[in-house]
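Read the structure below first, then the notes.
Predicted model only: the values in this text are computed from it and were never measured. The sequence lines fix the lettering, A, B, ..., with proteins before strands; numbering per chain opens at 1.
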Amino acid sequence: MDTNDTPYREQAALAFLGLRLTHMGAQLVGPPPSDEELAALYDGRLDPIRRAQVTTYIATQDEHYARWARCFETNRYIAALEAAGELIALDFSAANTPPASRTGGWRDFFNNLMQWPALGAVATLALVVAVVTHLNPELDSAATIDAYYASVDNEFSRTWASQALQPHRAALATRAFFSKPKTSAETVIEQGFAQGAMQLGKDKFAALSIHIEKLNTTATPPETETEHALYQLGRYAAVATLHCALDKQAPTLADAPAMLDATFKNLAQLNDEAVGRLRAAWSAKQETGVCGLAEAVTMNVFR
Amino acid sequence: MSAYDGILSVATTAWVMPLRLAIEQQQTFSRKDLSTMIDWRALVLNPSWLERLDRLAVRRFGAGGLAEEASAYVLERLSDDNWGAMASFKGQAKPETFLHTLAANMLEEFSRDRFGRPRPPEWLKRQGESWIQLWRLICLERQDTETVVARHSAGDMRDPTAVRQTIRTIKARIPNCGLSNREVSAGTLTRDDDPDARVEEFIADPHTPDGLLANHAYDDVVLMLTHLFEAAPADADIQGLSADFRHKFAAVRDHLRLSEQEILLLRMVYQDGHKRNNIAASLGLASHQPGRIIANALQNIRAALEKSGIDLASVYEAMN
């Protein structure tokens with residue numbers, strides 16, 4: 001930026017006029033962003049729907065913009081110092097090991113895992129990805145999987161599915177699944193599937209005899225956190241469908257229920273040692289999201 | 001059953017089944033929060049993170065005792081209630097990003113505890129967050145101008161010339177800037193120095209929200225144009241513009257609609273002076289996207305102005 005540059009001044013004047021004169025009455029959807037959500041926005045780890053909601057808050061509400069500006073500036077400053085070699089990287093090896101006084105041991109983890117069915121859905125997807133990875137040597141690396149997802153759509157990173165599920169535990173606990181009595185889970189998932197399929201390309205799905213026009217895309221946009229979770233699951237299902245279709249050796253989604261059953265069955269049969277290994281592996285891999293989970297499950301449960 | 005029906009049915013079954021199980025079995029979700037999976041104490045007390053905190057405190061308050069006090073305050077706040085500030089962490093963000101964000105908020109808390117919570121003048125608030133921050137640093141905390149410029153533009157964050165120019169404008173319009181580090185009340189601004197007061201002298205109907213808003217916008221435009229084009233900020237001849245311009249500005253509202261993403265980028269780039277590549281990296285955008293979005297927004301603004309019969313050159317000309 002050069003403030004002595006006339007075009008810059010004209011742009012700034014136009015921007016200023018625009019900001020003062022544009023309509024700022026956008027409807028705010030969802031709760032105001034938490035500090036963690038602002039940090040997640042900075043990290044690029046918010047799902048698209050929540051990102052849009054948070055963007056509306058910080059773009060139009062001065063109070064939230066001030067919080068975002070502080071988050072942005074602080075983290076950019078630290079990043080600049082790291083890039084300049086003035087700060088050494090943080091060591092997370094100790095921090096990621098839970099202190100003994102704050103954990104309930106492997107049984108606690110196991111019980112919690114079994115009581116969180118949504119994790120089962122993630123595990124199923126993880127297994128799909130993992131099996132594809134193991135069957136197809138060309139996909140047998142994290143980098144290749146990343147490239148695959150990036151080629152489909154940048155929004156679908158490996159961490160996407162697990163991240164999408166993170167905010168929804170509280171809503172699941174209340175069992176307040178839907179904001180409107182007439183809205184079914186299937187409708188919301190279908191919407192998500194249709195949206196994901198349109199984003200990935202109608203033609204690709206038409207070739208699979210999936211015609212977007214037949215899907216229900218007219219329902220109201222998801223409002224509650226749980227609806228968002230279902231919507232995201234629908235979108236992910238679209239990606240997984242394409243993934244399986246593109247790789248002839250990959251299991252189709254028809255295998256998903258059986259794999260889900262197997263997941264729960266195998267989890268239930270685990271001995272202490274196996275659960276301990278799973279927990280340690282998952283804990284260590286949590287940063288890598290769905291593929292880390294897939295690796296943990298396949299290497300420690302189904303070996 | 002078509003392939004679509006089959007896939008959708010299976011997909012639906014696969015995804016909904018676990019959720020339905022949650023209802024049918026009336027399970028409780030006692031899964032421990034992810035925050036308990038992270039040893040926050042070890043992370044915060046890690047020398048690498050403590051150095052980050054010190055750097056943030058020095059950047060905020062300058063080197064010296066105040067920064068040390070601020071660091072100690074943040075550590076105390078973070079460790080309160082068995083590191084309870086991090087209890088809400090769900091794993092959406094990276095732990096370090098989350099911690100930096102909390103620390104920045106707590107440094108602001110410290111500043112407000114120490115220097116109070118005075119409200120900046122309304123005209124200054126409308127210039128953006130960067131202006132408010134500079135006003136706090138210079139007028140309330142009485143920090144040295146050149147040190148603030150250096151810290152505010154460190155790490156290639158901003159153009160130091162722009163920061164210096166903003167401070168000059170603030171000082172010119174708030175003569176008592178830095179005279180007191182206690183609360184600055186509205187009464188300390190003389191009528192002649194308060195642009196809001198000046199607006200009220202010539203707006204036709206200050207009692208209608210639209211009229212007030214339009215005239216504030218008009219006044220802000222004059223301030224920003226004088227700021228940008230280096231006219232004497234305190235002496236801008238805002239009454240030299242005809243009422244016609246004010247009506248034209250009001251009409252722009254009918255033609256202008258910016259998206260939230262456009263608004264956010266315009267605020268970050270032109271109000272707060274952030275660089276586009278930094279914004280792109282932090283918002284998950286491709287490096288070329290901010291430029292394209294901004295160019296589109298500016299084009300829309302220009303078109304709305306032209307539709308209302310306004311061009312920047314004539315506004316600037318009328319002011320002189």
Side chain, backbone, both or neither of [X] within contact of chain A (heavy atoms, under 4.5 Å):
X        : answer
B:Ala104 : both
B:Arg41  : neither
B:Glu108 : side chain

Who wins among [options] for the most heavy-atom pairs under 4.5 Å with chain B?
options                   : result
A:Leu19, A:Thr55, A:Leu38 : A:Leu19
A:Cys71, A:Ala79, A:Ala84 : A:Cys71
A:Ala52, A:Ala66, A:Gly44 : A:Ala66

Taking every non-hydrogen pair under 4.5 Å, which of B:Arg55, B:Arg60, B:Arg302, B:Gln261 racks up the most with chain A? B:Arg55

Answer key: most heavy-atom pairs under 4.5 Å with chain A among B:Leu56, B:Ile132, B:Leu107, B:Leu265 is B:Leu56

Checking heavy atoms, do the side chain of [X], its backbone, both or neither come under 4.5 Å from chain B?
X       : answer
A:Phe72 : side chain
A:Ile58 : both
A:Ala80 : side chain

Considering all heavy atoms of both residues, which atom of [X] and which atom of [Y] are nearest to each other, and what is their separation?
X        : Y       : value
B:Asp272 : A:Ala69 : OD2-CB, 4.2 Å
A:Ala40  : B:Ala93 : N-CB, 3.4 Å
B:His100 : A:Asn75 : ND1-OD1, 3.0 Å
B:Ile301 : A:Ala15 : CD1-CA, 4.2 Å
B:Gly91  : A:Glu36 : N-OE2, 2.9 Å
B:Glu51  : A:Glu86 : OE2-O, 3.7 Å

Less than 4.0 angstrom from a charged side-chain N to a carboxylate O is my criterion; do A:Glu73 and B:Arg59 meet it? yes

Distance (rounded to the nearest 0.5 Å) between [X] [atom1] and [Y] [atom2]:
X        : Y        : atom1 : atom2 : value
A:Arg76  : B:His274 : CZ    : NE2   : 10.0 Å
B:Leu258 : A:Thr60  : CG    : OG1   : 12.5 Å
A:Ser34  : B:Phe98  : OG    : CZ    : 7.5 Å

Going by distance alone, is a donor N or O of one side chain under 3.5 Å from an acceptor N or O of the other, for [X] and [Y]?
X        : Y        : value
A:Tyr65  : B:Glu129 : no
A:Arg67  : B:Asn105 : no
B:Thr101 : A:Asp35  : no

Just jot down the side-chain hydrogen bond (donor to acceptor under 3.5 Å, both in side chains) partners of B:His152, sequence neighbours excluded, or say none. none

Would you say the side chain of [Y] lies within less than 4.5 Å of the side chain of [X], judging by non-hydrogen atoms?
X        : Y       : result
B:Arg52  : A:Glu82 : yes
A:Ile78  : B:Thr97 : no
B:Arg267 : A:Asp62 : yes
B:Lys94  : A:Arg45 : yes
A:Arg50  : B:Gln92 : no

Does the side chain to side chain contact (heavy atoms under 4.5 Å, CB included) test come out yes or no for A:Trp68 and B:Leu264, once each step is laid out? CA-CA 10 Å; A:Trp68 160 247; B:Leu264 180 60; 4.1 Å; yes

Apply side-chain contact (heavy atoms from CB on, under 4.5 Å) to B:Gln299 and list each qualifying residue two or more places apart in sequence or on a separate chain. none

